[in-house]
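Take a look at the structure set out below.
We count ligands from 1, going down the list as the structure has it; atoms in each ligand are counted the same way.
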Amino acid sequence: GKVCDLSGWWKNDLGSKMLVEKVDSQGNFLGEYHTAVSSTQKPIKPSPLVGSQHLDADGRCTFGFTVNWSFSDSTAVFVGQCFGEDSKEEVLQTSWLLREKVDSQQDDWKATRVGHNTFKRI
Ligand SMILES: CC(=O)N1C(=O)N[C@@H]2[C@H](CCCCC(=O)O)SC[C@@H]21
């Protein structure tokens with residue numbers, strides 16, 4: 001069967017782009033995330049990501065990664081699964097949590113956003 005190897009460039013429906021560099025034999029990878037959107041006023045910059053994937057032979061591996069935003073004090077974590085039927089194009093269905101930095105615990109309740117998003121290869 002076809003292993004789902006996440007390495008390469010991906011784009012989601014917000015227009016954000018992600019590069020996954022080499023996936024090692026344990027499924028670990030590094031990369032960078034170029035977000036098209038942000039909740040901050042600061043200029044957007046590429047940000048490093050660290051993650052790991054399963055290496056199932058069925059092209060439908062699960063994965064997770066963390067993005068340490070280089071231009072804001074927030075952090076995002078993504079989890080998802082690759083759907084790569086042999087003939088059809090590969091799609092990553094993901095859910096994410098974005099944790100922004102708040103000044104006090106009184107604001108902790110509103111500090112985490114959740115979402116979902118689909119990535120396709122570019
Ligand atoms: C995939 C997806 O929906 N998102 C995407 O591609 N960019 C936004 C967020 C970017 C956060 C930038 C740093 C900040 O604003 O603090 S992470 C979830 C969302």
* Structure fact -> Here the ring-ring contact (aromatic ring centres under 6.0 Å, His included) pairs for residues 42-68, sequence neighbours left out, are F65-F78
* To do: Can you run down the ring-ring contact (aromatic ring centres under 6.0 Å, His included) pairs that involve residues 2-26, sequence neighbours left out, and say none if there aren't any?
  => W9-H34
Could you go through ligand 1 and list every pair where one of its N or O atoms sits under 3.5 Å from a protein N or O, giving the atom names and the distance to one decimal?
| from | atom 1 | to | atom 2 | distance (Å) |
| --- | --- | --- | --- | --- |
| ligand 1 | 3 (O) | W96 | NE1 | 2.9 |
| ligand 1 | 3 (O) | N117 | ND2 | 3.1 |
| ligand 1 | 6 (O) | N12 | ND2 | 3.0 |
| ligand 1 | 6 (O) | S16 | OG | 2.8 |
| ligand 1 | 6 (O) | Y33 | OH | 2.6 |
| ligand 1 | 7 (N) | T35 | OG1 | 2.9 |
| ligand 1 | 15 (O) | S38 | OG | 2.9 |
| ligand 1 | 15 (O) | S39 | N | 2.8 |
| ligand 1 | 15 (O) | S39 | OG | 3.0 |
| ligand 1 | 16 (O) | S72 | OG | 2.9 |
| ligand 1 | 16 (O) | S74 | OG | 2.5 |

* Asked: S16 side chain to A36 main-chain N or O, any donor-acceptor pair under 3.5 Å?
  ->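 Yes, S16 side chain to A36 backbone: donor-acceptor pair under 3.5 Å.
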* Asked: Can you check whether P46's main-chain N or O pairs, donor with acceptor, with S70's side chain at less than 3.5 Å?
  -> yes
* **Residues that D73 engages under side-chain contact (heavy atoms from CB on, under 4.5 Å), provided they are two or more places apart** =>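 With neighbours one apart ignored, the set is K101.
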* Which of these, L6, T118, V20, sits in a side-chain contact (heavy atoms from CB on, under 4.5 Å) with L92? -> L6
